[in-house]
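Below: the structure, in structure tokens.
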Amino acid sequence: MVSLEWYRTFKEIYKTGTLTGAAESLFISQPGVSLHLSSLEAYVGYKLFDRTGRKMVPTERGKVLYNAISEPLQKLEGVEKNFQKSTEKHTPTISVGMCFETFQTTLEQYVSTLPFNLIISFGDYPEMLDQLDKGILDLIITPKKGVSPNIEHEAFSSEQIVLVGGKNVDLDSFKKVVKTKDLNKIENWLKQEKWYGTTGDMEHLFQFWILNLGHKPNFRPNYIVPNLNSIIRCLKGGTGLAVVPDFLCKNEIESGEVKLIWEGEKKLENTLYFGCRKKTTYQSEIAHIKSLFRQVMN
């Protein structure tokens, strides 16, 4: 089924004569404009523009299509504007991408207070960066920076990846082993404990183990649970170990429900970034969300 946004994008390319001009007019990325155009061309079955240098010259079929959709689109946009004027206030909708655990720990508690509509998406970081660039997402929270010139990244906090355990873990015994600085003894002690992991992402465990013990862990966790917040709740039962970002269990460590076992001989830290497109109509809404994150995480 054809998307109305493909026609809007086609119309702006026709009017501006360039992909860049259409992107600026629609406040989406140039790759997003290209994607809409290629999708529409695939749908109708023929080329709509000839690319001559930087200019997009409409083909004969492109001219026919523009004449066919221009007036209906104009009427539809007029209806949209009139409808907005007839309501007391037009409420924008913001799409934000982040990992599930970050949402639960930070933004979830504020959702009901937001003065705008919100769509939360979860996914891996490369996918979220791509969706941000294409205009599908408006803001992402990520420890990884992309390379698109259309996206700006703003560092706002950091996370330290640490080893934590249940309150019944013998921390004094582990401290004695760490003092020996014998990596084999440290590793053997750790492997004697029960371990928690998540279904989708073992990256934290791998990075921490490689940085401090020199190789990937040669064992699988005993318990695989849906997400990192599930791990924290399981550790509150008293036993077991896991490698997690410190901000996810800050309150539990302070209350004594979970123990900070080891920060590692070498600390593993990630910088957290806000990622958004350089040109957006949602600057005030994005600023509002950013302020909530700073309030919780700094």
Side-chain angles (χ1 to χ4, degrees), residues 3-41 48-49 51 53-58 66 69-70 73-74 76-78 80-81 83-85 89-98 107 114-157 271-294:
S3 168
L4 179 61
E5 294 306 313
W6 298 352
Y7 285 136
R8 290 179 188 262
T9 302
F10 165 76
K11 177 185 174 184
E12 290 304 320
I13 298 173
Y14 194 100
K15 289 170 60 179
T16 63
T18 65
L19 298 178
T20 301
E24 291 176 351
S25 177
L26 295 167
F27 294 100
I28 62 175
S29 68
Q30 186 170 321
V33 170
S34 297
L35 178 63
H36 287 179
L37 176 59
S38 61
S39 299
L40 181 59
E41 288 181 328
L48 299 173
F49 294 96
R51 293 147 177 86
R54 296 184 177 181
K55 295 290 291 183
M56 301 291 288
V57 179
Y66 178 80
I69 69 166
S70 179
L73 269 182
Q74 188 175 1
L76 181 60
E77 289 167 353
E80 184 179 25
K81 290 179 180 178
F83 177 77
Q84 289 178 5
K85 289 177 181 178
K89 183 179 180 181
H90 172 59
T91 304
T93 299
I94 310 302
S95 296
V96 182
M98 67 189 80
L107 193 58
L114 296 176
F116 45 83
N117 299 328
L118 180 70
I119 299 173
I120 294 292
S121 295
F122 306 123
D124 57 35
Y125 298 118
E127 178 186 11
M128 287 193 290
L129 283 164
D130 181 60
Q131 290 182 342
L132 177 65
D133 194 29
K134 290 177 178 176
I136 299 171
L137 294 175
D138 301 301
L139 173 70
I140 63 172
I141 288 79
T142 173
K144 298 181 180 180
K145 297 173 68 174
V147 296
S148 170
N150 302 308
I151 297 175
E152 59 183 8
H153 295 84
E154 177 187 355
F156 70 96
S157 186
T271 300
L272 297 177
Y273 299 94
F274 295 124
C276 61
R277 290 186 303 282
K278 293 179 179 178
K279 295 183 178 180
T280 175
T281 57
Y282 303 125
Q283 290 182 353
S284 62
E285 291 81 10
I286 289 173
H288 186 97
I289 295 176
K290 287 180 177 180
S291 69
L292 295 176
F293 271 91
R294 293 191 180 97

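Throughout, residue positions are numbered sequentially from 1 according to the sequence presented.
Around the CD atom of Gln283, the shell of radius 6.0 Å holds no more than 12 heavy atoms that belong to other residues, nucleotides or ligands.
Side-chain N or O atoms of Arg277 include none that pairs as donor or acceptor with a backbone N or O of Lys134 at under 3.5 Å. At least one donor-acceptor pair under 3.5 Å links the side chain of Lys278 to the backbone N or O of Pro149. Between the side chain of Ser25 and the main chain of Gly21, no donor-acceptor pair closer than 3.5 Å is present.
For the ring-ring contact (aromatic ring centres under 6.0 Å, His included) test, residues two or more places apart in sequence or in another chain that qualify with Phe49 are Phe10.
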Would you sort out whether Leu114 and Ile94 count as a side chain to side chain contact (heavy atoms under 4.5 Å, CB included), showing the intermediate values? CA-CA 11 Å; Leu114 296 176; Ile94 310 302; over 6 Å; no
Tell me, with the steps shown, if Cys276 and Glu152 meet side chain to side chain contact (heavy atoms under 4.5 Å, CB included). CA-CA 6 Å; Cys276 61; Glu152 59 183 8; 3.8 Å; yes
Please walk me through it: do Ile289 and Phe116 pass side chain to side chain contact (heavy atoms under 4.5 Å, CB included)? CA-CA 11 Å; Ile289 295 176; Phe116 45 83; 3.8 Å; yes
In sequence, state the C-alpha distance, the side-chain angles, and the governing distance for Leu129 and Ser148, and then conclude on side chain to side chain contact (heavy atoms under 4.5 Å, CB included). CA-CA 9 Å; Leu129 283 164; Ser148 170; over 6 Å; no
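Among pairs with a residue in residues 118-148, those fulfilling ring-ring contact (aromatic ring centres under 6.0 Å, His included) read Phe100-Phe122, Phe103-Phe122, at least two apart in sequence or across chains.
Test Ile120, Leu139, Ile140 against Met98 for side chain to side chain contact (heavy atoms under 4.5 Å, CB included) and you get one pass: Ile120. When each of Ile141, Leu137, Val96, Ile136 is paired with Met128, the side chain to side chain contact (heavy atoms under 4.5 Å, CB included) condition holds for Leu137 and for no other.
The structure places NE2 of His36 at 5.0 Å from CD1 of Ile28, a figure rounded to the nearest 0.5 Å. Rounding to the nearest 0.5 Å places CG of Asp130 at 10.0 Å from CG of Asp124. For the atom pair CD1 of Ile69 and CG of Leu40, the computed distance is 7.5 Å after rounding to the nearest 0.5 Å. To the nearest 0.5 angstrom, Lys144 atom NZ is 12.0 Å from His153 atom NE2. To the nearest 0.5 Å, the span separating NZ on Lys11 from CD on Gln74 amounts to 6.0 Å. Rounding to the nearest 0.5 Å places NZ of Lys55 at 6.5 Å from OG1 of Thr18.
Between Thr271 and Ala155, the closest heavy-atom pair is CG2-CB, 3.7 Å. Contact between Asn150 and Pro31 at its shortest, heavy atoms only, is ND2-CD, 3.6 Å. Annotation for Asp138 and Thr93: closest pair OD2-O, 4.0 Å, computed over non-hydrogen atoms. Here the shortest heavy-atom pairing between Pro143 and Leu272 reads CB-CD2, 4.1 Å. Among all heavy-atom pairs drawn from His288 and Ser291, the shortest one is O-OG, 2.6 Å.
Side-chain contact between Leu37 and Met56: present, with at least one pair of heavy atoms (C-beta onward) separated by less than 4.5 Å.
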